[in-house]
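Let me begin by presenting the structure, written as structure tokens, before commenting on it.
Just the heavy atoms: all of them, side chains too, but no hydrogens, waters or symmetry mates, feed the values below. For the single chain, residues carry numbers from 1 onward in sequence order.
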Amino acid sequence: MAKQAGIIKLKGTIGDIAFYKSADGHMARFKGGVDGKRIATDPAFQRTRENGVEFGRAGKGGKLLRNSMQVLLQQAKDPKVVSRLTTQLLAIIKTDATSERGERNLTDGELAFLNGFDFNANSPLSTTLAAPFSVSYDRATGAVGLVLEAYNPQVQIAAPAGATHYKLSCGVSELDFEAQTSLFKTVTTGILPYTNTEMAATDLDVSITADSTLSVVQALSIEFYQEVNGTMYALQNGAYNAMAVVQVAQPA
């Protein structure tokens with residue numbers, strides 16, 4: 001692919017060259033490719049079909065996770081989160097050591113590799129929140145916990161300029177990748193002042209299905225606000241908000 005230069009940007013097709021706009025700018029590429037019917041039937045493209053099935057499975061898994069956490073995700077994401085998450089989940093599918101090619105899936109893959117995934121790559125949680133925290137999950141009872149140790153907001157939270165307040169939220173999803181269903185629970189601290197005063201240790205606990213047989217993904221997010229005349233406004237439309245996966249649990 002090539003990037004278009006110059007004042008006039010083209011869209012459409014001229015000869016064998018297709019012009020289009022992407023997240024990376026105005027691009028150009030040669031038309032072409034193998035006939036779709038041949039890919040679907042020719043034995044020579046068996047591997048291509050297998051890769052396509054697994055790629056589709058990763059895309060569906062990513063959509064399921066994103067939709068389940070939409071309440072938090074809509075406040076902390078970047079334009080490429082869909083492709084980045086699909087890429088990560090496809091890598092996880094390839095760790096499935098029990099299924100045949102084309103049949104590998106997320107349930108049998110090493111889903112723990114999703115731990116630490118940032119939904120907003122422009123504002124990683126690890127560089128935004130320096131306060132130590134620990135997570136826990138009791139599958140028998142369904143109790144999911146996150147304990148944030150005592151912290152000083154202005155020292156251990158890297159807030160953007162203009163922020164006067166912040167909010168921490170914890171979300172947990174039970175995910176059935178085969179049935180494409182989910183259950184989501186969330187808890188928040190509420191909006192807190194961004195001050196130089198130490199905050200007491202904070203517990204963010206939720207309860208999900210006891211004895212669940214599904215995969216569980218927990219995420220932590222932080223949102224920033226600016227108070228103007230007693231009203232809270234989301235800062236920079238959420239560009240600096242951070243959200244990341246902090247715990248993954250698969251059924252035994």
Self-check item: Side chain Q88, main chain R84, donor-acceptor under 3.5 Å
Solution: no

Self-check item: L192 side, atom CG; Y225 side, atom OH - distance, nearest 0.5 Å
Solution: 10.5 Å

Practice problem: Look up atom CD in Q218 and atom OG1 in T186, then write down how far apart they are to the nearest 0.5 Å. | Solution: 10.0 Å

Quiz prompt | Expected output: side-chain Q226 to main-chain G162 donor-acceptor under 3.5 Å | solution = yes

Quiz item: Does the pair R66 and K77 meet the rule for a side-chain contact (heavy atoms from CB on, under 4.5 Å), with working shown?
Solution: CA-CA 10 Å; R66 295 195 315 276; K77 61 183 178 180; over 6 Å; no

Quiz item: Near F184 CZ, under 6.0 Å, is it more than 12 heavy atoms from other residues, nucleotides or ligands?
Solution: yes

Self-check item: Distance-only polar pair, side chains of S68 and S182, donor-acceptor under 3.5 Å
Solution: no

Quiz item: Rounded to the nearest 0.5 Å, how far does CG of L175 lie from CD of Q180?
Solution: 9.5 Å

Quiz prompt | R57 side chain to R104 backbone, donor-acceptor under 3.5 Å | solution = yes

Quiz item: Can you tell me if Q250 uses its side chain to pair, donor with acceptor, with the backbone of G109 under 3.5 Å?
Solution: yes

Quiz prompt | Closest contact, heavy atoms only, M199 versus Y166 | solution = CG-OH, 3.8 Å

Exercise. Answer yes if L183 and Y137 sit in the same cluster of Ile, Leu, Val, Met, Phe, Trp and Tyr residues linked by side chain heavy atoms under 4.5 Å apart, and no otherwise.
Key: no

Quiz item: With a 4.5 Å limit on heavy-atom distance, are the side chains of L235 and P160 in contact?
Solution: yes

Exercise. Verify the cluster assignment for L65 and V216: are they in a single hydrophobic cluster under the rule of side-chain heavy atoms below 4.5 Å apart?
Key: no

Quiz item: Between D118 (side chain) and A244 (backbone), is there a donor-acceptor pair under 3.5 Å?
Solution: no

Quiz item: Does a side chain donor of either E174 or T209 reach within less than 3.5 Å of an acceptor in the other side chain?
Solution: yes

Practice problem: Check A140 against A210 and note the closest heavy-atom contact, atom names and distance. | Solution: O-CB, 3.3 Å

Practice problem: Kindly check if the number of other-residue, nucleotide or ligand heavy atoms within 6.0 Å of NZ (K60) is above 12? | Solution: no

Self-check item: CG-SG distance between D205 and C170, expressed to the nearest 0.5 angstrom
Solution: 8.0 Å

Quiz item: So, for N115 and V248, which heavy atoms are closest and what is the spacing to 0.1 Å?
Solution: N-CG2, 4.0 Å

Exercise. Calculate, to the nearest 0.5 Å, the distance between atoms CZ and CG belonging to F117 and L89 respectively.
Key: 7.5 Å

Exercise. Determine whether V82 and L64 fall in the same hydrophobic cluster, where Ile, Leu, Val, Met, Phe, Trp and Tyr are linked whenever their side-chain heavy atoms lie under 4.5 Å apart.
Key: yes

Practice problem: Run the numbers on Q247 and V144 for side-chain contact (heavy atoms from CB on, under 4.5 Å), then give the verdict. | Solution: CA-CA 10 Å; Q247 182 176 203; V144 184; 4.2 Å; yes

Self-check item: Validation row: Y240, N122 side chains within 4.5 angstrom (heavy atoms)
Solution: no

Quiz prompt | L168 vs T202, side-chain contact (heavy atoms from CB on, under 4.5 Å): CA-CA, chis, key distance, verdict | solution = CA-CA 10 Å; L168 293 164; T202 304; 5.8 Å; no

Quiz item: For the side chain of D78 and the backbone of K80, is there at least one donor-acceptor N/O pair under 3.5 Å apart?
Solution: yes

Practice problem: Answer yes if I93 and F55 sit in the same cluster of Ile, Leu, Val, Met, Phe, Trp and Tyr residues linked by side chain heavy atoms under 4.5 Å apart, and no otherwise. | Solution: no

Quiz item: Does any non-hydrogen side-chain atom of R139 lie less than 4.5 Å from one of P251?
Solution: yes

Quiz item: About how many Å separate NZ of K94 and CD of E54, when rounded to the nearest 0.5 Å?
Solution: 7.5 Å

Exercise. Could you check F119 against L72 for side-chain contact (heavy atoms from CB on, under 4.5 Å), going step by step and ending with a plain yes or no?
Key: CA-CA 10 Å; F119 290 92; L72 299 182; over 6 Å; no

Practice problem: Return the minimal non-hydrogen interatomic distance between S207 and K185, and the atom names on each side. | Solution: O-NZ, 3.1 Å

Quiz item: Can you find a heavy atom in the side chain of F177 that is under 4.5 Å from one in the side chain of N105?
Solution: no

Self-check item: Q154 side chain vs Y194 backbone, donor-acceptor pair below 3.5 Å
Solution: yes

Self-check item: Whether S212 side chain and L214 backbone form a donor-acceptor pair below 3.5 Å
Solution: yes

Quiz item: Between L125 and L220, which heavy-atom pair has the shortest distance, and what is it?
Solution: CD2-O, 3.9 Å

Quiz item: Under the 3.5 angstrom rule, does the side chain of D176 hit a backbone N or O of T181 as a donor-acceptor pair?
Solution: no

Quiz item: Shared ILVMFWY cluster between I157 and F133, side chains joined below 4.5 angstrom?
Solution: yes

Practice problem: Please report the closest heavy-atom contact between E198 and A150, naming both atoms and the distance. | Solution: OE2-CB, 3.9 Å

Quiz item: Would you say N241's side chain and F224's backbone share a donor-acceptor pair under 3.5 angstrom?
Solution: yes

Practice problem: Would you check if there is a donor-acceptor pair between the side chains of S123 and N120 at a distance under 3.5 Å? | Solution: no

